[in-house]
Amino acid sequence: MAAKNSFYLTTPIYYVNDAPHIGHAYTTVAGDVLTRWHRAKGEQVWFLTGTDEHGEKVMNAAEKNGVTPQAWCDRLVEEAWKPVWKDLNIANDDFIRTTEVRHESRVQRFLQGLKDAGHIYLAKYEGPYCIGCEEFKLPGDLEEGKCKVHGRPVETLSEENWFFKLSAFVPALIERYTKHPESCEPTSARNEVLSFLHGEVKDLSISRSTFNWGIPVPWDTEQVIYVWFDALLNYATAIGLGDEPGSEGAKKFEEFWPANVHLVGKDILRFHAVIWPAMLMAAGLPVPEKIFAHGWLLVGGEKMSKSKLTGIAPKDITDHFGVDAFRYYFLRAIPFGTDGSFSWEDMGARYTSELANDFGNLASRITAMIEKYSGGTVPAVAHDAGLAKALTDAVEVADKSMLALDFQGGIGAIMEFCKKVNGYVTEKEPWAIAKDESRTVELNEVLYNTIESVRALAVLLHPVMPATCEILWQSIGADTAIGAIADQRISGISTWGQLPEGSAVTKGAVLFPRLEEAK
RNA sequence: GGCGGGAUAGCUCAGUUUGGUAGAGCAAACGGCUCAUAAUCGUUGUGUCCCGGGUUCAAAUCCCGGUUCCGCUACCA
């Protein structure tokens with residue numbers, strides 16, 4: 001595969017039977033931070049998110065609310081989903097909805113292609129069916145022959161469905177995950193996938209005839225395409241899957257496919273690591289480079305859920321801590337890939353310690369000192385070998401970690417540097433030097449080295465906390481002196497001495513005010 | 001039932017591959033400093049390393065057995 005300078009990342013498309021909670025936001029923020037990091041590396045980035053709008057559950061939710069499925073989706077997308085991403089400062093390049101024509105037509109074309117190539121066949125699906133649930137049940141859904149949900153006996157029903165020859169791709173999938181372990185991470189997730197593949201994998205029923213909220217099977221319009229088959233394709237339809245050579249869509253697809261990373265929650269790992277690549281293989285397309293399954297956010301030790309009143313809306317948290325603290329906290333506190341416990345206490349502790357005391361306060365003390373001791377302008381460029389080295393190391397570790405989706409490690413390295421700068425200031429005691437007029441040169445050096453370190457911190461933390469770092473960037477005069485923060489490159493951060501002498505520094509409002517006891 | 005992962009300081013966790021006096025951050029206590037957001041810097045303490053056996057000069061680490069939590073998978077039907 002030719003080395004390309006593009007980076008294509010997707011979040012799952014979220015199922016619109018309800019409003020987003022912090023679990024959805026966790027995935028999307030992670031995607032946003034990672035894509036912002038790649039943009040800061042100068043890569044051509046495409047970041048896709050969207051909504052999954054077909055299927056029986058959406059149809060039922062709409063019915064219960066007395067509206068058509070389309071109206072239901074339109075309302076949730078416009079009033080709940082898109083606004084939340086806007087509030088969280090998510091810089092997605094596209095937002096796909098599976099009810100859009102661009103998606104539906106490409107899905108149909110893709111499916112027709114698979115059928116023409118012989119990967120689709122008609123067969124009778126027979127199994128236990130619960131009238132109450134109006135769906136076929138799996139053995140695990142049953143208890144003593146009765147539906148667990150309704151506690152009533154199931155009937156054996158059969159339905160003619162179209163099947164995808166999933167089983168035919170098992171050997172190729174096993175080979176893929178064995179030879180390219182990085183294509184499914186973390187390791188625990190890959191092992192689960194492999195263990196599943198080594199079991200008995202059955203062909204997949206990809207159509208339904210019991211309801212009609214979905215994309216019609218092109219050659220059998222009595223049936224609609226199974227919602228997962230439809231949904232997975234969004235990653236490719238959004239960038240022009242199957243379009244005429246030479247068209248805009250085809251160019252985009254050429255540029256960005258295969259996706260570099262599909263971020264998924266661990267509950268939907270198998271769809272992405274088994275079904276999706278098999279679909280692509282069947283179509284003769286390259287498979288995604290990496291499926292990354294992150295963990296769940298736990299509240300009180302349990303997976304968040306609406307029914308247990310643990311479904312927290314992002315706004316509940318951002319109203320108190322602010323958007324940037326939200327973005328920071330989950331990626332900083334939880335190793336990506338393992339479950340993590342959310343608690344107001346822990347978030348409050350980390351906010352105070354790391355954002356207010358370490359980072360925010362460092363910005364306050366240096367801007368205040370430059371105003372007080374240097375007339376509000378950056379003094380002559382100076383150099384401190386210790387800080388410069390620490391910065392170089394921090395950038396190196398942070399970059400390596402972020403690229404590996406180790407957000408905790410990456411942010412940790414940056415914050416370690418921040419602490420080091422605080423230590424430098426305390427040790428040099430600029431306030432003491434300032435009392436001796438013969439030591440002005442020395443004083444200016446300390447001030448310069450500190451503000452220059454803050455310049456680097458602003459760029460390093462920009463992908464994680466864009467709004468706050470932008471404010472900081474302005475307040476140290478960097479915007480005027482060296483250009484927009486968004487144009488700064490990771491590779492250039494550790495070049496010492498960028499903030500020029502004379503830049504205007506103003507001590508603005510504190511970046512992360514101390515908060516009253518959380519909740 | 002099978003496979004896999006976890007149980008370590010008040011809290012979150014690292015350390016277990018390659019045995020050698022038990023670690024980090026946060027919280028706590030004490031000291032320094034006063035540029036800063038009652039901030040920051042330094043120092044300090046903290047442990048039946050889930051339980052019971054075994055191997056060894058020496059076990060959080062290796063072996064056997066058990067408890068408990070979690071994930072994947074299967075089956076009972």
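For clarity, every value in this text was computed on a predicted model and none was experimentally measured. As a basis for the values below, the full set of heavy atoms in this structure was taken, side chains included, without hydrogen atoms, waters or symmetry mates. Throughout, protein chains are lettered first and strands after them, A, B, ... in sequence-line order, and every chain is numbered starting at 1.
A salt bridge is absent between A:Glu185 and A:Arg190: the closest approach of a Lys/Arg side-chain nitrogen to an acidic carboxylate oxygen does not fall below 4.0 angstrom.
Spacing of C1' atoms, B:C13 relative to B:U18, comes out at 23 Å, to the nearest Å. Taking the C1' atom of each, B:G32 and B:G25 are spaced 23 Å apart, rounded to whole Å. Across B:U8 and B:U46, the matching C1' atoms stand 13 Å from one another, rounded to whole Å. With both ends at atom C1', the span from B:C50 to B:G42 equals 37 Å, rounded to whole Å. Using C1' as the reference atom, B:U61 and B:U17 are 10 Å apart when rounded to the nearest Å. Going from the C1' atom of B:U34 to that of B:C41 covers 12 Å, rounded to whole Å. Atom name C1', nucleotides B:U67 and B:C26: the rounded distance is 31 Å, in whole Å. If you take atom C1' in B:U40 and the same atom in B:G4, they sit 46 Å apart, rounded to whole Å.
Considering only side-chain atoms of A:Trp431, the nucleotide from B:C72, B:U37, B:C35 that sits closest is B:C35. Candidate nucleotides B:G32, B:U37, B:C33 were compared by shortest atom distance to the side chain of A:Glu429, and B:C33 ranks first. Across B:C72, B:U40, B:C35, the shortest atom-to-atom separation from the side chain of A:Glu192 is found for B:C72. The side chain of A:Ser353 lies closest to B:A27 when the candidates are B:C41, B:A27, B:C35.
Rounded to whole Å, the distance from CD on A:Glu345 to C1' on B:C11 is 11 Å. The separation between A:His198 atom NE2 and B:G4 atom P is 14 Å, rounded to whole Å. One interatomic measurement links the two molecules: CG of A:Leu194 to C1' of B:G71, which rounds to 16 Å at whole-angstrom precision. One interatomic measurement links the two molecules: CD of A:Glu354 to P of B:A27, which rounds to 9 Å at whole-angstrom precision. In this structure, A:Phe271 atom CZ and B:C72 atom P are separated by 12 Å, rounded to whole Å. Rounded to an integer number of Å, the gap from CH2 of A:Trp344 to P of B:A27 is 20 Å. As rounded to whole Å, 21 Å separates atom P of B:G71 from atom CZ of A:Arg190. Rounded to whole angstrom, the span from the CG atom of A:Asp406 across to the P atom of B:C13 amounts to 15 Å.
In this structure, A:Met402 and A:Gly410 approach most closely via the heavy-atom pair SD-CA, 4.1 Å. In plain terms, the two heavy atoms of A:Pro258 and A:Pro288 that are nearest each other are CB-CA, 4.1 Å.
Residue whose closest nucleotide on RNA chain B sits further toward the 5' end, between A:Phe359 and A:Cys418: A:Phe359. Nearer the 5' end of RNA chain B, as judged by each residue's closest nucleotide, is the contact made by A:Lys372, out of A:Asp358 and A:Lys372.
Contacts of A:Ala356 with the nucleic acid, taken as non-hydrogen atoms under 4.0 Å apart, include base atoms. At the heavy-atom level, A:Ser188 lies nowhere under 4.0 Å from the strands shown. A:Gly360 comes within 4.0 angstrom of a base, heavy atoms only. Base contact: A:Phe512 has a heavy atom under 4.0 Å from a base atom.
The partner of B:U12 is B:A24, by the rule that a Watson-Crick or G-U pair needs both atom distances under 3.5 Å. With a cut-off of 3.5 Å on both pairing distances, B:A74 has no Watson-Crick or G-U wobble partner at all. Pair assignment for B:U40 gives B:G32, based on Watson-Crick or G-U wobble hydrogen-bonding distances that are each under 3.5 Å. Pair assignment for B:U68 gives B:G6, based on Watson-Crick or G-U wobble hydrogen-bonding distances that are each under 3.5 Å.
In this structure, A:His119 and A:Phe169 have tilted ring planes: the angle between them lies in the 30° to 60° band.
Side-chain atoms of A:Trp228 and A:Ile275, non-hydrogen and from C-beta on, never get closer than 4.5 Å to each other.
For the residue pair A:His262/A:Trp276, the side-chain donor-acceptor check at 3.5 Å is satisfied. Side chains of A:Asn449 and A:Tyr424: a donor on one and an acceptor on the other come within 3.5 Å.
Listed pair A:Lys419 / B:C26 meets the phosphate criterion, a side-chain N or O lying under 4.0 Å from OP1 or OP2. The phosphate of B:U37 (OP1 or OP2) has a side-chain N or O of A:Lys507 nearer than 4.0 angstrom. OP1 or OP2 of B:G5 has not a single side-chain nitrogen or oxygen of A:Asn191 nearer than 4.0 Å.
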